[in-house]
Amino acid sequence: MNQQTPFEKELLRSYALRPMHPGFANRLEAQLMDRQNQYSARPKPSLTVWAYAAAALVLLSLVTLAIGPGKVYAQLRAIFGYVPGAGLLDRSLPLRLLKEPVSQTREGVTLRVDEAVLSADRTWLRYHIFGLPLPADAAAAQGACTQDPYLQLADGTHLPGKAGIFPPLPQDLANASLILPCLPGSQAADPVPPWALDLEFIPAPADFQVHEVSFLAPEVTYATPLPSAEPNFGHLSTTTQAEIVLEQTIRTEDAYILDGLIRPLAGETGAVKIVSVPVIRDQHGNYLIFTSPSGLRENIYEALPDGSVRFAFELPMANTDFPITLEIPIKLVPAGALDQSQFPTAAATFTWAPDEAAQPQTEKPELVCVLNETLASAGTAPKTLKGTAYWQDAAGILYHSALDGSGAERLAPGSQVAVSVDGSQIAWADADGLSILSTADGQLKNFPTLQPMDMVWSPDGGRLALALDPNWPRRVILDPATGSQQSFDALSQERLAGFSADGNLIYLLIPGTRGDGSLVMSFDIQSQTYQELFYLNHRSAKGPKPVISADGNWLAYLGTPQGSIFIQPLDGGKATQVVDAPGRFNAPSAITKLIWTNTHQLAFDFYPAPQSPQSTWLLDPLSCALQQLPLEGSLLALRID
Amino acid sequence: MQDAKSGITPMAGTAEGLAANPEMAEDFLQFYRENLDGVYYFLLSRVRDAADAEDLTSQTFLSAYEHQHRLRDRQKFRAWVFTIARNKSVDFFRKRSRQPQADLNEAWFFPDESAGLSPDQQDRLISLASLVSRLSPQEQEYLQLRLIAQLPFAEMARVLRKTEASVKKTYYRILGRLQSQAEEI
């Protein structure tokens, strides 16, 4: 094995390669030993979304043949419907739902099925696993179970599925069991009985909402060459090579979904490649937020074997002035070509507006405070804004300074800082463990046995909740005045978000295993009990970086699209997007730090792109007032005087 | 039996011959066990789909098993198998009309949250993945062979049909460029 530098190890980890299926090695070895001399390629996982899409196409063809093309769209409109999460459903048979949520808990791990929709073409389940312990080490993760879940019918039939989608069940079947042979991250060899949840299905009530799908007569526009910004590009094509086809639209209660494909023109060889993030603008040229419609596709794009690329975008109705213009930068790359740089970039573009009658009449536009272009034009905080910023330089040294970066004083080499709401206590993690400075008397206390990874102060500054490193799953509540520590076991890989206003609760965010929801829970310090509160909307595959406001009323977090900032009241009210899509354009840029200030403002670090310097911003989410703070380091905490 | 010129024991026999030669078959199985991870993860890093990577890994080892009699120099066996794996993936992309590069979707950029990383660590890895995805496919191949397949430079050179010095120079140039970009993260 090659010796690797730490940077090479980091690079290797950035590939995020999932562990090999544990049965694969033995299966292939058996093949080799048997010497079958035939390459029995492993069958693809069955019953993917595309299998159903193929079935839908067959159905479409049959319907067209049966009733003629003139009536086909109306018929299809009646047959297909969209249910968020479940996707595009065939309604030729009555839909059925889960009678009631079911769950099972074993040794702190909970498997829960919250929702199910059964249609003529699929069975969709929304299930989560909470409380999974962290794998003990990388080796354990390598040996982790990756066996697919399946539905087991009364006659013993097994129907395997992926991503919550299983084959359709017979219409007269009211029961099935969801079986998980093992849990993600558990050892394949663990001799544990499979998890089994009995499910009961009932007919969908008349008011069950299914969104209508508008199948469009294909509207084709052609990709046009873009002037190249890259000097090493080869020739620019002067002819169109690909076309964009909008096939169907779906209207939900608050969004439109556009579904279509980009395909090479007849006679062209090669495949369409999406070379950059698409841009959608409204009629005024303003950038629009879009997301990947839940359940319709696994990703915004899906490459097809014929060289086409399917796309699906979900656009909010509110705050959108139609028509919209979608522009997707593409290349048409011949098969087998490894170097794409020689091929010209074109823009696949179309303009679309819903029917007049379908446009929302009474929707009040939802304000998003910050767009990328707002960031570019916002001013710097005035000198009159006073306070203290805590930040880390590139060498890992912690500093505090004025908000304009002046008067910087070194604290220590460290990684975490938490400042109490009243500013009287500053806690940070350094090589000596946990250090806490009392600003009133300058007294510095050190707790060498505590090495925090997350930490949050109670509103009165009397207690500090810590997630410990390397004992990540353990939490401690520390009283710095007395040094007393209250330890409690963590559920899983949750993040500490903050305290309630009265200091009695700690809020935690627990990632679900399927990535389609993070659960907000509270932990009652007195009774040592957990309570489930709500799921986060706008889930993100990135760390949501949850933080609770100083008054304990608001949760701020990062969600889709691409790590935008949302705020949500802790009473479970609606989440509001305040910062739009930092990674929506040409680079997967990110917000790397998100905090509430003591004055209920949000401060965040923004990386426009890896090659650009980061910037620090202060946002009042109520007034949308935005100011840049001229800090050079990475923001850790901020206190406004 | 040794090759008179090289002094290296050839991987003798046809596939049928191998089946009748338990020692040779066991040698291959031993090689398989030692190199399965490298081949599989190399292919997974290229095709980004576990089922496809399993398919291609199976094809690679079965093809190598059947044709190993063509390879006379056992010292080159691993590089030869990785060459097969590389060719299989090129065929795969050709058939699928897809290129060995990062697709622009969230799942590619964002490591699995269950890996137990801190948010900052996740961000760092996301940025690194983004930097890697911007390399040309050829440059990415250097990283895949070195970091994931864990091949020494000499064997990389055989797979890439370049000199060892050239491969080493190119690899460190790519690594240096990434490192300097990563310092700005």
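Chain letters run A, B, ... following the sequence lines, proteins first and then strands; every chain starts at 1. Note that the structure is predicted; figures quoted are calculated from it, not measured. Just so it is clear, the values below take in all heavy atoms, side chains as well, and ignore hydrogens, waters and symmetry mates.
- Residues B:L44 and A:Y15 have side chains not in contact (no heavy-atom distance under 4.5 Å, counting atoms from C-beta outward).
- With sequence neighbours excluded, no residue forms a side-chain hydrogen bond (donor to acceptor under 3.5 Å, both in side chains) with B:Y32.
- Closest heavy-atom contact between B:A129 and A:S14: CB-O, 3.7 Å.
- Counting heavy atoms from C-beta on, the side chains of A:F7 and B:L128 come closer than 4.5 Å.
- Considering only heavy atoms from C-beta on, B:L131 stays 4.5 Å or farther from A:L11 through its side chain.
- Rounding to the nearest 0.5 Å gives a distance of 11.5 Å between CG of A:L28 and CZ of B:R33.
- When the side-chain hydrogen bond (donor to acceptor under 3.5 Å, both in side chains) test is applied to A:D605, the partners found at least two apart in sequence or on another chain are A:Q614, A:T616.
- Ranked by heavy-atom pairs under 4.5 Å with chain A, the list B:L143, B:L178, B:I148 is led by B:I148.
- Looking at every heavy atom in both residues, A:Q4 comes nearest to B:L147 through NE2-O, 3.5 Å.
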